[in-house]
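First up is the structure itself, then whatever we jot down about it.
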Amino acid sequence: MEYTKGTKIPSMPGWEIVRELGSGSYGTVFEVQKKNFDVTAKAALKMIRIPKSNSEIREAMSEGMDEQSVNTYFEGVVKRYIKEIAVMSELKSHPNIVACEDY
């Protein structure tokens, strides 16, 4: 699925993408909003794709990794993100830490 301005987010009913804020190695950050009556809530949403693309899998395999090694590598990437989410959740009341409201 391509995420662009106006895209409704299936896993987040009522939220839609306003604009792209930036992108990095594994994902893109979007400004999203949800309108309820006369109130508009805004948030940032980071969409993470692991692996980034099929070409990333092909590249890993061309460097000598077998299918199991590729799976293990990307499982490790996912586990690092899960740890990051746990830390952000624990520290969300700190004024200098981005709050993780949902994942």
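Values below: every heavy atom of this structure, side chains too, minus hydrogens, waters and symmetry copies.
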message: Using a 4.5 Å cut-off between side-chain heavy atoms of Ile, Leu, Val, Met, Phe, Trp and Tyr, which other residues end up in the same hydrophobic cluster as Val29?
response: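 Its cluster partners, ordered by chain and number, are Leu21.
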
Residues clustered with Val39, ILVMFWY side-chain links under 4.5 angstrom: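 Members besides Val39: none; it forms no cluster.
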
Going from [atom1] on [X] to [atom2] on [Y], what distance comes out if it is rounded to the nearest 0.5 angstrom?
X: Ile57; Y: Tyr73; atom1: CD1; atom2: OH; value: 12.0 Å
X: Glu16; Y: Lys34; atom1: CD; atom2: NZ; value: 12.0 Å
X: Ile17; Y: Lys5; atom1: CD1; atom2: NZ; value: 12.0 Å
X: Asn96; Y: Leu91; atom1: CG; atom2: CG; value: 11.0 Å

- prompt: Does some side-chain heavy atom of Met47 sit less than 4.5 Å from a side-chain heavy atom of Phe30?
  reply: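 Touching, per the 4.5 Å side-chain cut-off.
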
message: According to salt bridge (charged side-chain N to carboxylate O under 4.0 Å, His left out), does anything in residues 71-98 pair up with another residue at least two apart or in another chain? List the pairs.
response: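 Output for this query lists Lys92-Glu101.
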
task: Tell me, please, which residues at least two apart from Lys42 pass salt bridge (Lys or Arg N to Asp or Glu O under 4.0 Å).
output: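 Scan of Lys42 (salt bridge (Lys or Arg N to Asp or Glu O under 4.0 Å), adjacent residues dropped) gives Glu31.
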
task: Go through the structure and list residues passing side chain to side chain donor-acceptor pair (under 3.5 Å) with Ser89, not counting sequence neighbours.
output: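 Once residues adjacent in sequence are excluded, Ser89 has no partner under the side chain to side chain donor-acceptor pair (under 3.5 Å) criterion.
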
Residues that Glu67 engages under side chain to side chain donor-acceptor pair (under 3.5 Å), provided they are two or more places apart: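 Counting only residues at least two positions away or on another chain, Glu67 forms no side chain to side chain donor-acceptor pair (under 3.5 Å).
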
message: For the residue pair Thr72 / Gln68, report whether a side-chain donor-acceptor contact shorter than 3.5 Å exists.
response: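 Result is yes, a qualifying pair exists.
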
task: May I ask you to decide if Lys52's main-chain N or O and Glu56's side chain share a donor-acceptor pair within less than 3.5 Å?
output: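 Confirmed, Glu56 side chain pairs with Lys52 backbone.
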
query: Which heavy atom in Val32 sits nearest to a heavy atom in Val18, and how many Å separate them?
result: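 In this case the closest contact between Val32 and Val18 is C-CG2, 4.1 Å.
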
message: side-chain contact (heavy atoms from CB on, under 4.5 Å), that's the test. Do Tyr3 and Leu45 meet it? Break it down for me.
response: CA-CA 11 Å; Tyr3 295 96; Leu45 172 68; over 6 Å; no

